[in-house]
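These notes are about the structure you will find just below.
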Amino acid sequence: ERPQMALDSETLDQLLETVRRFVRERLVPLEHQVADDDAIPPEIVAAMREMGLFGLSIPQEFGGLGLSMEEEVRVAFEIGYTSPAFRSLIGTNNGIGSQGIVIDGTEAQKRNYLPRLASGELVGSFALTEPEAGSDAGSLRTSARRDGDFYVLNGTKRFITNAPVAGLFTVFARTDPASTDARGVTAFLVEAGTPGLSLGPIDRKMGQKGAYTCDVIFEDCRVPADTVLGGREGQGFKTAMKVLDRGRLHISAVCVGAARRLLQDSLRYAAERRQFGKPIAEFQLVQAMLADSRAESYAAECMVLETARRKDAGQDVSTDAACCKMFASEMVGRVADRAVQVHGGAGYIADYGIERFYRDVRLFRIYEGTTQIQQIVIARNMVRELAQ
């Protein structure tokens with residue numbers, strides 16, 4: 001038994017079994033409805049709160065489950081088995097929306113926000129991306145001007161997950177107007193309803209219906225000085241970087257869960273669908289697609305578990321986490337593509353849900369750093385290590 005686990009193995013097994021049953025019995029049957037209505041039913045949100053899913057990674061002293069990284073990815077494997085919209089709702093609370101406060105927040109900020117984030121009473125949102133700035137922190141335009149005991153925020157954030165339902169925004173803004181890099185950027189904890197904060201219309205997306213994104217607009221939005229995350233200017237990006245490894249591993253695990261689901265559906269279909277007098281699962285070219293998907297998803301699963309264990313052991317896993325995110329998100333794209341192929345015409349028809357997954361998983365190669373950004377991170381780190 002590794003000492004850094006938050007739960008004993010029996011409790012962890014119970015949690016995983018509960019989540020597995022909830023996903024398969026409650027969530028999977030609702031997938032079509034959520035996609036058609038573009039909404040998660042309120043009773044499902046209530047059930048997710050009840051199960052503690054909003055507080056997986058928030059410390060137990062603040063009402064969360066305080067899971068280790070390995071425990072969290074094991075839960076994410078299970079949640080990834082269904083439409084990503086369900087996970088998206090709880091994702092920010094467990095990831096970048098809470099971890100910055102956990103790691104760098106003041107005691108008052110922790111006490112004020114973490115219990116409400118853990119219970120799901122507050123939904124967190126991470127407002128970093130802008131129309132002109134995503135991976136390039138240096139081009140961040142949103143400004144925060146000091147005015148006595150306040151800061152005045154101006155700017156627009158784009159594609160912000162959970163913004164339409166969020167109660168708390170972690171907002172990145174430039175406090176040093178002369179700066180041209182990440183060092184002049186500060187993180188603020190801004191509550192929904194603050195005068196000067198408004199939301200754009202909900203984005204219409206390729207997939208992931210039921211998971212909302214929209215613009216977040218700041219027009220002379222005045223926030224007290226104690227809303228600065230951690231109480232210090234210029235630390236915003238350092239805080240963001242500290243939570244990225246966890247976020248990337250979490251998304252990688254969700255990709256593994258989605259791949260398991262796609263493979264399961266493909267296998268079942270191939271075993272039932274008959275051509276030339278026998279199930280198509282007996283044809284070698286179909287078997288090759290199933291085998292490739294199995295091998296690749298297994299590789300991603302092993303990578304994610306191993307990297308999570310190393311993170312729990314206190315090792316620096318930045319490069320490995322980027323490798324996981326890159327490989328797992330590209331892998332699930334290939335698995336989804338093969339799943340459509342195995343289903344043939346049925347894979348292209350909405351009734352089977354495969355085409356929906358095909359669209360849904362496409363986002364994994366883009367957010368939390370595109371595949372191309374992961375490649376740059378991995379290569380840069382390798383070159384830096386060589387020079388040491």
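Sequence positions, counted from 1, serve as the residue numbers for this chain. Note that these values count all heavy atoms, side chains included, but never hydrogens, waters or copies made by symmetry.
- At a threshold of 4.5 Å between non-hydrogen side-chain atoms, the residues Ser329 and Ile251 do not count as touching.
- Salt-bridge annotation for Glu130 and Arg158: absent, with no side-chain N of the basic residue lying under 4.0 Å from a carboxylate O of the acidic one.
- Of all heavy-atom pairs spanning Leu117 and Gly97, the tightest one is CD1-O, 4.0 Å.
- Listed by chain and number, the hydrophobic cluster partners of Phe159 come to none, as no ILVMFWY side chain reaches under 4.5 Å of it.
- Closest of all the heavy-atom pairs between Ser68 and Ala6 is N-CB, 4.2 Å.
- Here the side chain of Lys325 pairs no donor or acceptor atom with the backbone of Ser252 at under 3.5 angstrom.
- Put simply, the side chain of Ser293 does not reach to within 4.5 Å of the side chain of Leu262, judged on heavy atoms.
- The pair Glu368-Arg248 fails the salt-bridge criterion, with no side-chain N (NZ, NE, NH1 or NH2) lying under 4.0 Å from an Asp/Glu carboxylate O.
- Contact of the Asp149 side chain with the Asp226 side chain is not registered, since no non-hydrogen atoms from C-beta on lie closer than 4.5 Å.
- The pair Glu107-Arg111 counts as a salt bridge, with a side-chain nitrogen and a carboxylate oxygen less than 4.0 angstrom apart.
- By the 4.0 Å N-to-carboxylate-O rule, Arg74 lies too far from Glu78 to be salt-bridged with it.
- Side-chain atoms of Ser57 do not come within 3.5 Å of backbone N or O of Gly66 as any donor-acceptor pair.
- For Thr227, there are no side chain to side chain donor-acceptor pair (under 3.5 Å) partners two or more places apart in sequence or in a different chain.
- Side-chain atoms of Gln109 come within 3.5 Å of backbone N or O of Thr106 as a donor-acceptor pair.
- Between Thr82 and Glu31 the shortest side-chain heavy-atom distance falls below 4.5 Å.
- Listed for the Glu71 side chain is a donor-acceptor partner under 3.5 Å among the backbone atoms of Leu7.
- The aromatic rings of Phe237 and Phe172 sit tilted relative to each other, their planes meeting at an angle between 30° and 60°.
- In the hydrophobic cluster analysis, where Ile, Leu, Val, Met, Phe, Trp and Tyr join through side-chain heavy atoms closer than 4.5 angstrom, Leu16 is grouped apart from Phe77.
- Within the 3.5 Å criterion, the main-chain N or O of Thr161 finds a donor-acceptor partner in the side chain of Ser125.
- Between the side chain of Glu72 and the backbone N or O of Leu56 there is no donor-acceptor pair closer than 3.5 Å.
- Residues Leu305 and Val73 are in side-chain contact: their nearest non-hydrogen atoms beyond the backbone lie under 4.5 Å apart.
- Grouped with Ile160 in one hydrophobic cluster are Tyr151, Leu153, Phe169, Val171, Phe188, Val190, Leu197, Leu199, Val216, Phe218, Val223, Val228, the linkage being side-chain heavy-atom contacts under 4.5 Å among Ile, Leu, Val, Met, Phe, Trp and Tyr residues.
- Ring pair Tyr113/Phe62: centre-to-centre distance not below 6.0 Å.
- Around the CZ atom of Arg141, the shell of radius 6.0 Å holds no more than 12 heavy atoms that belong to other residues, nucleotides or ligands.
- Closest non-hydrogen pair, Gln14 versus Thr18, comes out as O-OG1, 2.7 Å.
- Under the 3.5 Å distance criterion, the side-chain polar atoms of Asp8 are matched with a main-chain donor or acceptor of Glu10.
- When atom types are taken as modelled, the side chain of Asp360 and the backbone of Gly207 share no donor-acceptor pair closer than 3.5 angstrom.
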Inset, instruction - Could you check Asp337 against Tyr358 for side chain to side chain contact (heavy atoms under 4.5 Å, CB included), going step by step and ending with a plain yes or no? - result: CA-CA 7 Å; Asp337 190 80; Tyr358 180 81; 3.5 Å; yes
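- Formation of a donor-acceptor pair under 3.5 Å by the Arg274 side chain with backbone atoms of Gly277 is found in this model.
- Between Asp181 and Arg183 there is a salt bridge, with a side-chain nitrogen of the basic residue lying less than 4.0 Å from a carboxylate oxygen of the acidic one.
- Residues Ser318 and Val377 are not in side-chain contact: their nearest non-hydrogen atoms beyond the backbone lie 4.5 Å or more apart.
- No donor-acceptor pair closer than 3.5 Å links the side chain of Asp245 to the backbone N or O of Lys311.
- Annotation: side chain of Met241 is in contact with side chain of Leu244 (closest heavy-atom distance under 4.5 Å).
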